[in-house]
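Following: one structure in structure tokens, then a few remarks.
Within every chain, numbering begins at 1; the chains are lettered A, B, ... in the order of the sequence lines, protein sequences first and strands thereafter. Note that the structure is predicted; figures quoted are calculated from it, not measured.
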Amino acid sequence: MLSMRNVTIYSRGADPEAPLLRIPALTVQAGEVVTLMGPSGVGKSTLLRWLLGEPLPNFHISGQVCLHDVDLTCLPIGQRQLGMMFQQGGLFPHLTVAENCMFAQGARSQQPRLQQQQQALTQLRALGLGDKWHAYPESLSGGQYARIALLCTLLAEPQAMLLDEPFSALDAALRQEVRSWTFTQLEEKHMPTLLVTHDKADARGRILTVNGHREVVDA
Amino acid sequence: MRRFIRLRLLALAVLLTAPYASAQAGQVHFYGWGGSPQVSTYMRWVQQELRAEGIQLRHNKVADIAEVVKQITAGHSNADLIWINGENFHALKAAGALQNIVDDIAAVAALNPQLQWQHDFGEPVTGLEVPWGVGQFNLLARAPVFSEESITAADLLQAAQRFPGRLSYPKPPDFHGTTFLKSLLLALQPEQAQVFQQPVQQVNAAALTAPLWRFLTELHPHLWQQGRSFPASAGEQVNYLAQGQLVMAVSFNPNDYKTLVRTGRLPTGIQRHRFRGGAITNTHYLAIPKGAKNPEMAKQVIEFLLSERAQLRKADPNRWGDPSVLAEAAEPLLPAAQEFHASWQRYLEQQWSARFQ
Amino acid sequence: MVRALSVVFQLLLIALPVVAGVLYLVWQTARLGVEGVGQAMFVLAAMPSVLLNSLVLAVAAPLVACYLALWMAPSLLRRPRIQQVLAPLLAVPHVAFAVGMLLLFSPSGWLLRVFEQLTGWWPLPPQGWPLPEKSLFSLTLVLVLKELPFLLLMIAAQLKQLPSQAWLVQAQSYGYSQQQAWWRVLVPELLQRLTLPMAAVVIYSVSVVDIPLLLGNNLQPVLAQQVFAWSFQFAPEQQANALVGAWLLLAVSGLLLLLNRRHARCYAFCVRNKPLRPSTKAQKLRPVPRFAWYALAGLAVAVVLVLLVQSLATQWFYPALWPSQLSVSLWQQEWPFILAPAQASLSFALLSALFGTVAAVVVLEQQCQRGKQQRQWLLLVALFMPQVPLVLGWQLLLGSTQGPALWVLWAHTVYTFPYAYLVLHGAYMGFNRHWLVKAQSLGYSARQAWWRVLLPMLKQPLLAAYAVAFAVSIAQYVPTQWLGQGQVSSLTTEAVSVASGGDWRIGSLYALLQMLLPLLVFLGAGGLKRKSYAEHA
């Protein structure tokens, strides 16, 4: 369960009375997908980056975020156990698929290396992409890339997922396919998932929109 | 395998750190111009011989000994022994940076009495340096340029007209260049030889040098690059002579016309010439700075360098070819002309650059 | 931690050396008194051509090199591997390159020997050849050709940072020709990013001494050359001239740096206002630049070859195309004496390039974290101070002759650091920090992410920076000779002192040795990994 309280985002240097975005309270239950909708520029991505723990020198952000009742607010990114799918760039370009997988597992997984490798390879084969094990990301097609990127993010054993317009770089036909596959994967894992998008077609689960007061109200 | 890696790491560490080991005791730091392979080869022999006597001689080659003079006068040099003369000696003497060593060197007694070494470019030596070798200013020229060994200023002008753009001289204040001016001055008015021994302020220098400037004004348009640029040094000029851009070069070593041909630096058919009025002759010296860490050993080195064996080897035209300074080893030199009083040096340089630069 | 380290490095490698140098200059100038300074200023004012020559050289050489590089750079887009051609030219020390150029193109050079063999027109080296041994033109040309590879290396690094292809395609879709798209879209951005490397080139052109000594006209010298000459003449008025000249040199450098900062903006302005010729036929970018790359590669090979032949020649006089006899005797004779200086050179270069690169990374990381980069020119100050007063200042303020080799190592690092910074700056600042966040989201700490993601992704620029720094260290003469106190002779101190006699046979031998080590490093740096990843950033 991912929850946040009293989150307020200000642009640094802007009017302190006019926050960019405010979320009094929002909870994402295990196995639930919550979609945050709104036009670009209202600070949706900023919210995700803050949740992830990235330092954002151009914003002033206050609030509290908890994962399974553990307060994450003061933890560094690496210890929050949140997975993130970005618009672009999910795989490290200097590593092969295999190395990307191993790198994703490297920090948290308690299993022996060999078992990690087996696990990753098995899952890759399950996607029908076993032959890409030694390929570099640049040689992957858009669909392959998106799937392997999610695979890697999940291999890092996150407790919740943040998705920042993860399908926007894909073309329409592929998008449909990757989207449904992604959500199936996340639902199977009972992963609390927060998705931000401006595209209605991408939305899933409980849909919240940014209202005229730049507020998100969790009904 | 691991041991192998460890060994390689060790080797790398040794390789990287070796230059940082501290200086050995019993080392004499000798600084000298490093531009002559013949000198370097000779010094390697000296190092070898001295090692037998338990002296580690380090030959620190520099591009210009003035660098070391600058370091010594600034108080930051570890030189024990230096090879100098002329202006560099003058600067060190003025700075009071040299030890009085002549009385401690036994070999001084064996010096050639003919050698007028008590003045270095007109500056009294006052015991601060001992002579090591002799320089005699001479011209190296391709065979057809001059007909006589001894030439006049008029011969030079004629040659410049016959070989337009093929003659030049090193740009003063390079000391070869300044000596070229002195030689010309002497060749233009040999009867004034004694006057040039006096300080420039005590004679009518303007009148004495007027013929020289007139001559050069006439000469320069016929020179290499129409006198708009000059070789930077005697070494550079020798290269131009070798390749044929020039048909003449200058030298302070009276054996260069043999040595440089033998070592393949110059093609055959190079002849030696001198200006009428004699080859300006001076001495190059060894001196010990006041800051020397190892002056006693440096004096031992000087004794060796002045020994008959070392001087003979130095004078061998198949090796360095620098004439000996010893009485025993005296050999026929070029007819000598005395060096000018030291004050002429600066005067000529200034006047030259005021007129032609 | 990063902040503290960055401060330490900046104090140690910039503040300390620069302040020591400036204090020395101030102290010496104060000793001159107003009258002495006035007289020296009068002397300098009476020789305006010296200043003018310096300005011509320092404006012309960098600009020509810059636009030549931009003209050749499109080849890098299609064939990034072509960059490898630059390695030998980058590795050749400046003086060795100048000697090679002399041996190739001077009136008695190889080119004219070939003409002579074919035509028989010039039994003696011709006069009036457009590249005489000593002229401002020859000097400028050699500097242009030597700076060209450095700028191409910098452009190559920047091109990987930019979505170059996308920009070119988009501009062409607007109706520009390929050529126009390059010069009007990419070049303005490239120039903006080249400001710092150009600053280094400008500073080098103002302050270089050894090449003008070899190739420059000495009746009409450039300022740095004249200042250098004065500092080794010991009459008080010449010493005064040298000091005032040093200040003037600083002022000129400062002025040119200011102008350099306006360069990109000026170019953008000109390009905006230049009327566009309608492109009737598709103007392709390629053919001519490709030829230039081959020429550059050929030049590198020719320089190395002529140095090699010269070092093997027992004698070799004009108009012989080839020495009558080749012999390894010179190599055999020198070999036993090469090991110690080679070891010293290698040690200084490996370590000082390492320290310089590490310091550059730390300072860049700190600038990234702080998010602003001001007063970058301060990092480069040491480069544009004349070396003679600078090193004297170090000796005066920092003193002792104990452990001279460590001093030399430090002095080399003072020079390797700014160059490493210059080379690395574009790639490091352009690095997408998103990758660090991504790695941390997988559970790595910030430090782990930096080591395991940023460093590997910036491997290419890091290696390039290291290689350039290595070459910079190898080429140091004055700091090595003076601070080394004769305890350390390097290949360069040997090479420079040997070259002062003008015997190019042994001079070429040492020049070759001098370039050998950097060449290995450049080739190694270029060949290590199949490609650079910075382009994905």
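Judged by distance alone, with hydrogens and angles left aside, the side-chain atoms of A:Thr193 form no donor-acceptor pair with the main-chain N or O of A:Met161 at under 3.5 Å. Panel note: side chain A:Gln105, backbone A:Gln116; a donor-acceptor pair is recorded below 3.5 Å.
Salt-bridge formation is detected for the pair A:Arg175/A:Asp199: a Lys NZ or Arg NE/NH1/NH2 atom is positioned less than 4.0 Å from an Asp or Glu carboxylate oxygen. Between C:Arg433 and C:Glu365 there is a salt bridge, with a side-chain nitrogen of the basic residue lying less than 4.0 Å from a carboxylate oxygen of the acidic one.
The candidate from A:Gly90, A:Pro158, A:Pro76, A:Gly53 with the greatest count of non-hydrogen atom pairs under 4.5 Å with chain C is A:Gly90. In terms of heavy-atom pairs under 4.5 angstrom with chain A, the leader among C:Ala449, C:Ala439, C:Ser441 is C:Ser441. Between chain C and the options A:Thr153, A:Leu91, A:Leu155, heavy-atom pairs under 4.5 Å are most frequent for A:Leu91.
Residue contact with chain C, scored on non-hydrogen atoms closer than 4.5 Å, involves the side chain of A:Glu54 exclusively. With a threshold of 4.5 angstrom between heavy atoms, A:Phe86 approaches chain C through side-chain atoms but not through N, CA, C or O. For A:Leu82, the part lying under 4.5 angstrom from a heavy atom of chain C is the backbone only. In this structure, chain A has no heavy atom under 4.5 Å from any part of C:Ala446.
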Taking it one step at a time, do C:Val358 and C:Tyr466 satisfy side chain to side chain contact (heavy atoms under 4.5 Å, CB included)? CA-CA 9 Å; C:Val358 167; C:Tyr466 185 83; over 6 Å; no

Take A:Val65 and A:Leu2, measure what side chain to side chain contact (heavy atoms under 4.5 Å, CB included) needs, and give me the verdict at the end. CA-CA 8 Å; A:Val65 51; A:Leu2 179 71; 4.1 Å; yes

